[in-house]
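The structure appears below as structure tokens.
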Amino acid sequence: MISKTQPARVRFAPSPTGRTHLGSGRTALYNYLLARQTGGQFILRIEDTDRKRYVDGAEEELMEGLRWLGLSWDEGPDVGGPRGPYRQTERKEMYQKYARELIESDHAYYCFCTQRDDTLSAPEQHQQHRELCPTRDLPIAEADARIAAGETHVIRFKMPRGGSITVTDAIRGNIIVENSTLDDYVLVKSDGLPVYHLAVVIDDHLMEITHAIRTSEWLPTFPLHGHIYNAFGWEQPIWIHPSIFLKPDGKGKMSKRDTEALLAEGKSIFLGDFEKMGYLPEAVVNWAALIGWSFDDKTEFFILEDLIEKFSVEKLNPSPAAINFSKLDHFNGLHIRALSIDDLAERLRPFFERAGYTVDNAKKLHQVAEVLQIRLANLAEAPEKGGFFFKDEIHPEPESLIGKKLSANESLEMARHIQTLIQSLPDFSEDTANQPLRHLATKLGYKAGHVFSFLRNALTAQQVSPPVFETMTIIGREKVLERISNAIATLEEIARTSP
RNA sequence: GCCCCCAUCGUCUAGGGGACCAGGACGUAGCCCUUUCAAGGCUAAGACCGGAGUUCGAAUCUCCGUGGGGGCACCA
């Protein structure tokens, strides 16, 4: 049982090698939740030791993504902190010092082998480095001399030949691995920078990390990390390995090709894309939290504050989970509906503006938000569903103004009656306008649907729209009458040519 | 090939020996509500991978299969 009262020091440690995935977002989220729940610290550490894969701007996008989700960190490269620096390339000297310690305690050795030895036969290529390396047991003094002479080298962990190691994951229990299946992993590269395995151990130790959350991709090298801890004689954090996300069909993890295919169908798993696709950070958080974690057998709607209170490592699910975009849409709808109208209005504003509409009337925006709220699966569809509210002129399809099974002349006649009635109405509320319009339909021998359908098309130029009365109220008397007379003009035109 | 992890409806999951002829959610279908679309309400179909054990009793424990996933870099 992981204590909720002992402050947890946790870290999210991504490498700036590309765009930030939803999976990273979830890992960051779980870390954040544990820190906030226990009153501990959430640390952001940039693992940038791979200079070849470094992508400019990735760090910025990553931070933006975390901020968008609402995950704030207490220590990190931008805000600093007592255990910095928080960028691994800035910690180079520390790693070298500790690596030397490992050499001197005979847990590691200098290796001068070339990166890929083509003189090796095929079977030898598959042999463990441990069995091949000529300098594995070279005296340190001799190795130092070769290094001083400028010979390129790496530092490798000296994996025991026999025995086994037990490492413990909080959601999977003990994992026992034979050392014979492990090899002499490189710890420090020839460029002098550590590889992940060394850096993570040293950093987590020095930063006093109490819980290390990372995905199950790290399980295969988990035993190595255990060995490194043992070599240093350090106490390990509580390890937590949630499973990775699988692509929507459940067949394997997301590849570059998959993410591109997703983009092509208007979906994305990049944190940086959700906002402009109309998703609320609240929905993404809710959705991601529930992939691989659950609270109970019925509660699914959570905001960040709920999750801080309710998250528990014990309820993490060890099996891999396929992501489900329709569930994201569902959560987005729930969170849109949970927003206050004012909040929704302000979040909608940029979407209307980006679509080219001028939104200078706050009251109108508020009304539009109110009427759109239950009709939106995401914010991005607002202009398409409610753009007509902001247009000066609309152009309904002429055919759409003709009632079902009615002639143009009949429709025209009905439209004129509607116009007269609307003009005489004190206002457009459902209470005052509904019955008169229905009576009108009955009196003329049409269906109520004919009347409403005409109004809908005349006022919105859409077959599908918010309810007519609310729409009329928002559009306003002047515009309503203008659009009706425009529609009548169109009908007159049609009636002239094909009555 | 070798190593590791995992295994309940199509998907996400509840379940930690009897409360389960297995509950919830998404999606799907139908119905209700209704001026369209939604939202909401109701209903339906839909799963314990297989085989041995352990036990009075197993979705739950053990083992073996099988299946799925991950990893085998001087990447993280």
Side-chain angles (χ1 to χ4, degrees), chain A residues 13-18 47-54 88 111 113-116 126 152-156 167 169 171-172 175-178 180-183 185-197 199-200 214-223 241 243-244 246 248-253 287 290-301 314-315 317-331 333-334 337 371-377 385 430 434 437-438 441 447-457 460 462-469 471:
Chain A
S15 30
T17 53
E47 311 222 325
D48 57 350
T49 53
D50 186 347
R51 305 318 291 167
K52 292 196 264 306
R53 290 204 306 154
Y54 183 83
Q88 288 186 328
C111 169
C113 299
T114 51
Q115 238 173 89
R116 195 177 263 112
H126 289 286
T152 63
H153 62 281
V154 298
I155 296 175
R156 285 178 182 272
V167 283
D169 171 72
I171 58 184
R172 295 158 211 271
I175 297 167
I176 306 166
V177 178
E178 295 295 324
S180 62
T181 67
L182 272 13
D183 200 4
Y185 293 88
V186 168
L187 260 26
V188 177
K189 298 178 276 181
S190 53
D191 66 2
L193 284 166
V195 296
Y196 172 85
H197 310 303
V200 73
R214 53 149 57 159
T215 53
S216 60
E217 291 163 292
W218 294 108
L219 248 18
T221 46
F222 187 17
H241 296 92
S243 272
I244 57 156
L246 266 24
D249 64 8
K251 298 191 194 309
K253 67 172 182 177
W287 179 50
L290 255 20
I291 307 176
W293 177 83
S294 63
F295 176 64
D296 62 14
D297 62 342
K298 44 181 73 73
T299 322
E300 287 209 320
F301 181 87
E314 287 74 23
K315 303 221 70 177
N317 194 319
S319 42
I323 60 176
N324 181 342
F325 283 97
S326 61
K327 197 127 188 179
L328 169 60
D329 288 333
H330 171 248
F331 279 124
L334 291 182
R337 276 168 254 137
V371 81
L372 246 28
Q373 187 168 42
I374 59 169
R375 282 166 246 275
L376 255 27
K385 290 197 167 168
E430 177 136 17
N434 195 352
L437 278 167
R438 284 173 185 280
K447 290 183 173 153
H450 282 131
V451 172
F452 291 118
S453 178
F454 166 77
L455 280 171
R456 170 164 294 111
N457 282 288
T460 72
Q462 292 176 186
Q463 312 274 12
V464 170
S465 83
V468 165
F469 299 116
T471 299

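The chains referred to below are lettered A, B, ... by the order of the sequence lines, with proteins before strands, and numbering in each begins at 1. Every value quoted in this text rests on a predicted model; they were computed, and no experiment measured them.
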Original post:
What distance, rounded to whole Å, do you find between the two P atoms, one in B/rG41 and one in B/rU8?
Top reply: 29 Å

Original post:
Taking the same atom, P, in B/rC37 and in B/rA22, what whole-Å distance lies between them?
Top reply: 36 Å

Original post:
Between A/F301 and A/F295, does the ring centre distance come in under 6.0 Å?
Top reply: no

**OP:** Report yes if the side chains of A/N434 and A/F452 come closer than 4.5 Å at any heavy-atom pair, otherwise no.
**Re:** yes

List, with names and distances, any nitrogen or oxygen atoms from the protein found under 3.5 Å away from nitrogen or oxygen atoms belonging to nucleotides 45-47 of chain B.
none

Give every pair of a protein N or O atom and an N or O atom of nucleotides 61-66 of chain B that lie under 3.5 Å apart, one pair per line with the distance.
none

**OP:** Look through every strand shown and name the nucleotide pairing with B/rG57 as Watson-Crick or G-U wobble, where both distances are under 3.5 Å.
**Re:** none

Original post:
Counting only Watson-Crick or G-U wobble pairs whose two distances fall under 3.5 Å, which nucleotide matches B/rC49?
Top reply: B/rG65

**OP:** Could you give the distance separating B/rU43 and B/rC49 at their C1' atoms, to the nearest angstrom?
**Re:** 30 Å

**OP:** Spell out protein contact along nucleotides 23-41 of chain B as letters: B when the base is contacted, S when just the sugar-phosphate is, - when no protein heavy atom is under 4.0 Å; keep the 5' to 3' order.
**Re:** BBBBS-------BBBBSS-

Original post:
Could you state the NE2-C1' distance from A/H241 to B/rC6, rounded to the nearest angstrom?
Top reply: 15 Å

Original post:
Closest heavy-atom contact between A/P466 and A/V371?
Top reply: CB-CG2, 3.5 Å

**OP:** Classify the nucleic acid contact of A/I175 as base, sugar-phosphate or nothing, counting any heavy atom under 4.0 Å across all strands shown.
**Re:** sugar-phosphate

Subject >> Opposite nucleotide pairing with B/rC72, Watson-Crick or G-U, both atom distances under 3.5 Å >> reply: B/rG1

Original post:
So what does A/K52 touch, heavy atoms closer than 4.0 Å: a base, only the sugar-phosphate, or nothing?
Top reply: sugar-phosphate

**OP:** Please state the P separation for the pair B/rG50 and B/rA44 - nearest whole angstrom.
**Re:** 26 Å

Original post:
Which part of the nucleic acid does A/G292 contact within heavy-atom distance under 4.0 Å: base, sugar-phosphate only, or nothing?
Top reply: sugar-phosphate

Subject >> Whole-angstrom distance between B/rA45 and B/rG1, as gauged at atom C1' >> reply: 44 Å

Subject >> Beyond-backbone contact of A/L437 with A/V468, side-chain heavy atoms, under 4.5 angstrom >> reply: no

Subject >> Counterpart base for B/rC31, defined by Watson-Crick or G-U wobble contacts under 3.5 Å >> reply: B/rG41

Original post:
Would you say A/K253's side chain and A/I244's backbone share a donor-acceptor pair under 3.5 angstrom?
Top reply: no

Original post:
Whole-Å distance between B/rG15 C1' and A/E314 CD?
Top reply: 16 Å

**OP:** In whole angstrom, give the distance that lies between atom CD1 of A/I176 and atom C1' of B/rC3.
**Re:** 14 Å

Original post:
Touch check for A/R172, heavy atoms < 4.0 angstrom, all strands: base, sugar-phosphate only, or nothing?
Top reply: sugar-phosphate

Original post:
With sequence neighbours excluded, what pairs up with A/Q462 under the side chain to side chain donor-acceptor pair (under 3.5 Å) test?
Top reply: none

Original post:
Considering heavy-atom distances to RNA chain B, does A/P14 or A/P318 have its closest nucleotide positioned more toward the 5' end?
Top reply: A/P318

Subject >> Test ring pair (Phe, Tyr, Trp, His ring centres under 6.0 Å) applied to A/W293 - qualifying residues, sequence neighbours left out >> reply: A/F302, A/F311

With 3.5 Å as the limit, what N/O pairs link the protein to nucleotides 68-72 of chain B?
from, atom 1, to, atom 2, distance (Å)
B/rG70, OP1, A/K253, N, 2.8
B/rG71, OP1, A/K253, NZ, 2.5

Original post:
Any side-chain N or O of A/N317 under 4.0 Å from OP1/OP2 of B/rA14?
Top reply: yes

Subject >> B/rA14: pairing nucleotide in any strand, Watson-Crick or G-U under 3.5 angstrom >> reply: none

Original post:
For the pair made of CH2 in A/W293 and C1' in B/rC6, what is the distance, rounded to whole Å?
Top reply: 21 Å

Original post:
Is there a donor and acceptor pair, one atom on the side chain of A/T181 and one on the base of B/rC3, closer than 3.5 Å?
Top reply: no

Subject >> Protein-nucleotide distance (A/D183, atom CG; B/rC4, atom P), rounded to Å >> reply: 16 Å

Subject >> Considering all heavy atoms, the nearest A/P16-A/E47 contact >> reply: CD-O, 3.5 Å

Original post:
Considering only heavy atoms from C-beta outward, does the side chain of A/K251 approach that of A/L246 to under 4.5 Å?
Top reply: no

**OP:** Please say whether more than 12 non-hydrogen atoms of neighbouring residues, nucleotides or ligands are located less than 6.0 Å from NZ in A/K447.
**Re:** no

**OP:** Can you tell me, in whole Å, how much space there is between the C1' of B/rU34 and that of B/rG27?
**Re:** 24 Å

Subject >> Shortest side-chain distance from A/S294, nucleotide among B/rA7, B/rA14, B/rC74 >> reply: B/rA14

Subject >> Aromatic plane relationship, A/H197 with A/W218 - under 30° parallel, 30 to 60° tilted, over 60° perpendicular >> reply: perpendicular

Subject >> Any donor-acceptor N or O pair under 3.5 Å, side chains A/T215, A/E217 >> reply: yes

**OP:** Answer with base, sugar-phosphate or nothing: what part of the nucleic acid does A/V195 contact at a heavy-atom distance below 4.0 Å?
**Re:** sugar-phosphate

Original post:
When the ring planes of A/H241 and A/F222 are compared, do they come out parallel, tilted or perpendicular, using 30° and 60° as the limits?
Top reply: tilted

Original post:
With distance as the sole test, does A/T181 use its side chain to make a donor-acceptor pair with the main-chain N or O of A/E178 at under 3.5 Å?
Top reply: yes

Subject >> C1'-based separation of B/rC56 from B/rG10 [nearest Å] >> reply: 38 Å

**OP:** Please check if the side chain of A/W287 supplies one atom and the backbone of A/H330 the other of a donor-acceptor pair under 3.5 Å.
**Re:** no

Original post:
Does A/K327 use its side chain to pair, donor to acceptor, with the backbone of A/L290 at less than 3.5 Å?
Top reply: no

**OP:** Can you tell me, in whole Å, how much space there is between the P of B/rU11 and that of B/rA52?
**Re:** 26 Å

Subject >> Gap between atoms CG and C1', on A/L290 and B/rU13 respectively (whole Å) >> reply: 8 Å

